[in-house]
J.: 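Here it is, the structure, as structure tokens.
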Amino acid sequence: MQVLFARHRTNVYRWLIRLVGNETVADDLLSDVFFDVWQQADRFEGRAAVTTWLLSIARYKALSARRRRTEARLDETIETTVADSADNPEVALQRKSRNELVRAALMKLSPDHREIIDLVYYHEKSVEDCALILNIPAATVKTRMFYARKKLAELVQEA
């Protein structure tokens, strides 16, 4: 269990923080996720990767937490980027501006579209893994990705 936790806690935590937008809630949910994994380890069937199983559990925990918190908003925290020390100040500023622009556009997407973008680009999940995590058909994943990318491109163009 220690190895599993050490290997996956960062990715699960980042996934949770993007879903709930609150570090304290994400910390609590992270503990809940791994407690459930401990209790339900015998239910893991091996049909998908362990990370897929963990992110699926984390997603359900986050959705439940968001339902419980009426003021909950999925906002702001998508990992801040650190400028490369080799960049000069002008390049670093341009990179930061571009990242802020994309981050702001991501926050304007619907929760479903944000979730798909997060899974595919930040967690590098396949269509099949996304379908398992989100409990939707693979075709729906593809459709959401198409519209999410289209909307994201429009939002970036407008900015």
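Hydrogens, waters and symmetry mates are skipped; everything else that's a heavy atom, side chains included, is used. The first residue in the sequence is number 1, and the count goes up from there.
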J.: Taking ring pair (Phe, Tyr, Trp, His ring centres under 6.0 Å) as the cut-off, I'd like each qualifying pair that reaches into residues 12-33, sequence neighbours left out, listed once.
T.: Trp15-His123
J.: Looking at residues at least two apart in the chain, or sitting in another chain, which of them share a side chain to side chain contact (heavy atoms under 4.5 Å, CB included) with Ser31?
T.: none
J.: For residues 152-159, please give each side-chain donor-acceptor pair under 3.5 Å, one per line with the distance, not counting sequence neighbours.
T.:
none

J.: Is there a path of hydrophobic side-chain contacts, each under 4.5 Å between heavy atoms of I/L/V/M/F/W/Y residues, joining Leu63 to Ile17?
T.: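 Different clusters.
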J.: Quick check for you: to the nearest 0.5 Å, what is the distance between Leu54 atom CG and Leu4 atom CG?
T.: 5.5 Å
J.: Mind checking side-chain hydrogen bond (donor to acceptor under 3.5 Å, both in side chains) for Arg144 and listing every partner two or more places apart, or none if nothing turns up?
T.: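 Arg144 satisfies side-chain hydrogen bond (donor to acceptor under 3.5 Å, both in side chains) with no other residue.
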J.: Applying side-chain hydrogen bond (donor to acceptor under 3.5 Å, both in side chains), name anything that partners Asn11, two or more places apart in sequence or on another chain.
T.: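 Once residues adjacent in sequence are excluded, Asn11 has no partner under the side-chain hydrogen bond (donor to acceptor under 3.5 Å, both in side chains) criterion.
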J.: Are Leu30 and Met1 connected in a single hydrophobic cluster, I mean Ile/Leu/Val/Met/Phe/Trp/Tyr linked by side-chain heavy atoms less than 4.5 Å apart?
T.: yes
J.: Hydrophobic clustering (ILVMFWY, side-chain heavy atoms < 4.5 Å, transitive) - are Tyr122 and Leu132 grouped together?
T.: no
J.: Enumerate the salt bridge (charged side-chain N to carboxylate O under 4.0 Å, His left out) contacts for residues 120-134, please, sequence neighbours excluded, ordered by first and then second residue.
T.: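 Listed by first then second residue: nothing to list.
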J.: With sequence neighbours excluded, what pairs up with Asp28 under the salt bridge (charged side-chain N to carboxylate O under 4.0 Å, His left out) test?
T.: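 Salt bridge (charged side-chain N to carboxylate O under 4.0 Å, His left out) check on Asp28 returns nothing, list empty.
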J.: Could you tell me whether Arg59 and Glu115 make a salt bridge, using a distance below 4.0 angstrom between a side-chain N and a carboxylate O?
T.: yes
J.: Does Leu55 share a hydrophobic cluster with Ile136, counting links as ILVMFWY side-chain heavy atoms below 4.5 Å and allowing steps through other members?
T.: yes
J.: Which residues pass the side chain to side chain contact (heavy atoms under 4.5 Å, CB included) test with Phe146, sequence neighbours left out?
T.: Lys150
J.: Flag the pair Lys61 and Asp36 as a salt bridge only when some basic side-chain nitrogen lies within less than 4.0 angstrom of an acidic carboxylate oxygen.
T.: yes
J.: Would you please name every residue forming a side-chain hydrogen bond (donor to acceptor under 3.5 Å, both in side chains) with Tyr121, sequence neighbours left out?
T.: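 Once residues adjacent in sequence are excluded, the partners of Tyr121 under the side-chain hydrogen bond (donor to acceptor under 3.5 Å, both in side chains) criterion are Arg149.
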J.: In chain order, what residues pass the side chain to side chain contact (heavy atoms under 4.5 Å, CB included) check against Ala49, with sequence neighbours excluded?
T.: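 Applying side chain to side chain contact (heavy atoms under 4.5 Å, CB included) to Ala49 gives Thr51, Thr52.
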J.: Are Leu19 and Tyr60 connected in a single hydrophobic cluster, I mean Ile/Leu/Val/Met/Phe/Trp/Tyr linked by side-chain heavy atoms less than 4.5 Å apart?
T.: no
J.: Flag the pair Ile117 / Met145 as yes when at least one side-chain heavy-atom distance between them is below 4.5 Å, and no otherwise.
T.: yes
J.: For Phe34, what residues pass the ring pair (Phe, Tyr, Trp, His ring centres under 6.0 Å) criterion, not counting sequence neighbours?
T.: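 Ring pair (Phe, Tyr, Trp, His ring centres under 6.0 Å) list for Phe34, sorted by chain: Phe5.
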J.: Could you walk me through whether Thr140 and Leu134 pass side chain to side chain contact (heavy atoms under 4.5 Å, CB included), step by step?
T.: CA-CA 10 Å; Thr140 304; Leu134 301 174; over 6 Å; no
J.: Is the closest side-chain heavy-atom distance between His113 and Tyr147 below 4.5 Å?
T.: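 Yes, close enough: below the 4.5 Å cut-off.
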J.: List the atom of Pro137, the atom of Ala131, and the distance in Å for their closest heavy-atom pair.
T.: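 Answer, listing the atom of Pro137 first, then Ala131: C-CB, 4.1 Å.
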J.: From Asp118 CG over to Leu109 CG, what is the distance, rounded to the nearest 0.5 angstrom?
T.: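 Here the rounded value is 11.5 Å.
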J.: Between Arg114 and Met107, does the side chain to side chain contact (heavy atoms under 4.5 Å, CB included) criterion hold? Intermediate values first, please.
T.: CA-CA 7 Å; Arg114 243 190 331 261; Met107 296 316 300; 4.2 Å; yes
J.: Closest approach of Ala58 and Val12, non-hydrogen atoms and distance?
T.: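 Result for this residue pair: CB-CG1, 3.9 Å.
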J.: Any idea which heavy atoms bring Ala62 and Leu16 closest together, and the distance?
T.: CB-CD2, 4.0 Å
J.: With heavy-atom distances below 4.5 Å as the criterion, would you say the side chains of Val37 and Trp53 are in contact?
T.: yes
J.: Could you check if a side-chain atom of Cys130 sits within less than 4.5 angstrom of a side-chain atom of Val120, using non-hydrogen atoms only?
T.: yes
J.: Which residues satisfy the salt bridge (charged side-chain N to carboxylate O under 4.0 Å, His left out) test with Asp32, sequence neighbours excluded?
T.: none
